[in-house]
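These values consider heavy atoms only, across backbone and side chains, with no hydrogens, waters or symmetry-generated copies. Whatever order the structure lists them in is the order used to number ligands and atoms, beginning at 1. Keep in mind that what you see is a predicted model, and the values were worked out from it rather than measured.
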Amino acid sequence: MALSILNEEENAIRDAIFELVQGTIAKRSQEFDQKAIFPRENMELLGRQGYLGMIVDPKWGGAGASYLAQTLVVEAIAAADPATAVIYEVHNSLHIEGIWRFGTEEQKSRYLPGLCQGESIGAFAITEAESGSNAASMQTRAVRLADGYHLTGRKMFITSGGEADRYIVFATLDPALKEKGITAFIVPKTAKGLRFGPPEDKLGIRASRTSEMILDDVVVPVEDRLGEEGQGYYIALYLLDGGRIGIAAQSVGIMTTALERSLAYARQRKQFGQAIGQFEGIQWRLADMATDLHAARLMTYEAARRREEGPAQRPLFAMAKLFASEKAVQHAADAIQIFGGYGYMREYGVERLLRDAKVTEIYEGTSEIMRLVIASRLLKEYDLGNI
Ligand SMILES: Cc1cc2nc3c(=O)[nH]c(=O)nc-3n(C[C@H](O)[C@H](O)[C@H](O)COP(=O)(O)OP(=O)(O)OC[C@H]3O[C@@H](n4cnc5c(N)ncnc54)[C@H](O)[C@@H]3O)c2cc1C
């Protein structure tokens, strides 16, 4: 059904992507989760159908679409398969967008067409074992020599690590410079000295691969530095602003499925001679889930519409992620409760919602960091007219 807060074109995109993913990606998502199969075929499908790099100018292979259009796609994919949603989100918001906004013309023409068509998958590597929330404390070093930059260090928890064809890697020219030393590089999977740890054995989004990345004197030519020396921290935070809108959308997708499955079950499951949906205890839970979903969706769409305002609206992006991710975890648990014992069983696919939802409160900035971002700006100069 058309949403009044979207225009005609946005509603058309929303309908088309929901139909596509329900007829394709949704069908194998349970199997991919159970066998931890990396869903490369889903990325290829999305590329063929024109859903990768949507915000990129058509001259580089994109669709020239709005940020909101891309956000609607993340939401629809997540409703079917949250693991594919995060691969998609990292590929688009953290990798393609990095090259699109900060790359040279030469980098754009070399990399964007293949990324937009699904011929190659992109990833993003900033986290390290001792540097998570405090990304500025990273230790991966970049040393400039005659043949380019030599990168040495280890990155943790890289989404699509070992599967992606190319990585935006952040390294410091000098740890003493903190944020000001951080520089971004485009590194191919095939680079000499680059290797990956085995896939992490995770609670949820099991079809998405998460791996350690080891850089042992990897040479990156100067042409593959992304942005200027020392601009990396700004680039990372700029991209994570968009990434957080994507994770909010992923959370909204999970909430949508939690509510749909709960409503269907509440209508058909009978106890004490009537459908459990007739009990007030169940009704209140459903009403709260619908209300939260509506609020999270509005916050996410508003954040997406204001993406182009950049870091000035960082608190809005953080609020959308904070609210949507925490509600997604709560709703996934609610759905299990409504399903009773059946909800706890793999076969019904509702327990997966909770396993998949939990990470939305952690990656691309934890809930605690989202609260820090919001509060620190509120206490400084943030215009309350925005909220
Ligand atoms: C499945 C998965 C995929 C990921 N994909 C990627 C990826 O593709 N690329 C990438 O670079 N990274 C990725 N990450 C890393 C992710 O972004 C980090 O795990 C996250 O930023 C948190 O860092 P940390 O795990 O080191 O936790 P820490 O920073 O050590 O935090 C531990 C706890 O302390 C809290 N905390 C920390 N600082 C503060 C503070 N100042 N105030 C209050 N509380 C605080 C945190 O909120 C958290 O609860 C991924 C992680 C996971 C789990």
Participant: Does the protein put a heavy atom under 4.0 Å from atom 13 (C) of ligand 1?
Facilitator: yes
Participant: Checking R307 against Y67: charged group under 6.0 Å from the ring centre and within 45 degrees of the axis?
Facilitator: yes
Participant: If you apply the rule side-chain hydrogen bond (donor to acceptor under 3.5 Å, both in side chains), what do you find for T210 with K202, and how did you get there?
Facilitator: CA-CA 8 Å; T210 313; K202 305 195 293 293; 3.0 Å; yes
Participant: Just by distance, do the side chain of K321 and the backbone of T360 share a donor-acceptor pair under 3.5 Å?
Facilitator: yes
Participant: Among protein heavy atoms, which lies nearest atom 39 (C) of ligand 1, and at what distance?
Facilitator: I369 CD1, 4.0 Å
Participant: Please report which non-hydrogen protein atom sits nearest to atom 2 (C) of ligand 1, along with the residue it belongs to and the distance in Å to one decimal place.
Facilitator: Y363 CD2, 3.6 Å
Participant: Starting from atom 26 (O) of ligand 1, locate the nearest protein heavy atom and write down its residue, its atom name and how far away it is, to 0.1 Å.
Facilitator: G132 CA, 3.2 Å
Participant: Mark whether atom 30 (O) of ligand 1 lies under 4.0 angstrom from at least one protein heavy atom.
Facilitator: no
Participant: Are F170 and F124 an aromatic pair by the rule of ring centers under 6.0 Å?
Facilitator: yes
Participant: Could you tell me, atom by atom, which parts of ligand 1 come under 4.0 Å of a heavy atom of I158?
Facilitator: 7 (C), 8 (O), 9 (N), 10 (C), 11 (O)
Participant: Using distance only, find each side-chain donor-acceptor pair of residues 336-346 under 3.5 Å and give its atom names and separation, not counting sequence neighbours.
Facilitator:
none

Participant: Name the option, out of Y167, F157, F170, F124, that contains the heavy atom nearest to atom 51 (C) of ligand 1.
Facilitator: F157
Participant: Which atom names give the shortest non-hydrogen contact between S367 and S325, and what distance separates them?
Facilitator: OG-OG, 4.2 Å
Participant: Hey, which atoms in ligand 1 end up nearer than 4.0 Å to a heavy atom of V359?
Facilitator: 1 (C), 53 (C)
Participant: Give me the ring orientation class for H95 and H91: parallel if the planes are under 30° apart, tilted from 30 to 60°, perpendicular past 60°.
Facilitator: parallel
Participant: Quick test of your reading of the structure: of S208, S133, S131, whose heavy atom lies closest to atom 28 (P) of ligand 1?
Facilitator: S133
Participant: My understanding is that we take every heavy atom of each candidate and find the minimum distance to atom 22 (C) of ligand 1. Doing that for T127, T366, L372, which one comes out nearest?
Facilitator: T366
Participant: Are a donor atom and an acceptor atom from the side chains of D165 and Y111 found within less than 3.5 Å of each other?
Facilitator: no
Participant: Under 4.0 Å from a heavy atom of E368: give me the atoms of ligand 1 that qualify, with their elements.
Facilitator: 43 (C), 44 (N), 46 (C), 47 (O), 49 (O)
Participant: Report yes or no: does a heavy atom of V90 sit under 4.0 Å from some atom of ligand 1?
Facilitator: no
Participant: In the hydrophobic clustering (ILVMFWY, side-chain contacts below 4.5 Å, transitive), which residues join M213, or is it alone?
Facilitator: Y149, L151, I158, Y167, V169, L173, F185, V187, L194, F196, L215, V218, V220, V222
Participant: What protein heavy atom sits nearest atom 8 (O) of ligand 1, and how far off is it?
Facilitator: T159 N, 2.9 Å
Participant: Hey, are the side chains of E229 and R144 touching, using non-hydrogen atoms and a 4.5 Å cut-off?
Facilitator: yes
Participant: For atom 35 (C) of ligand 1, decide whether some protein heavy-atom distance is shorter than 4.0 Å.
Facilitator: no
Participant: Using a 4.0 Å heavy-atom threshold (strictly under), name the region of E364 that reaches ligand 1: side chain, backbone, both or neither.
Facilitator: backbone
Participant: List every atom of ligand 1 that sits less than 4.0 Å from any heavy atom of I362, numbering the atoms from 1 in the order shown and giving each element.
Facilitator: 20 (C)
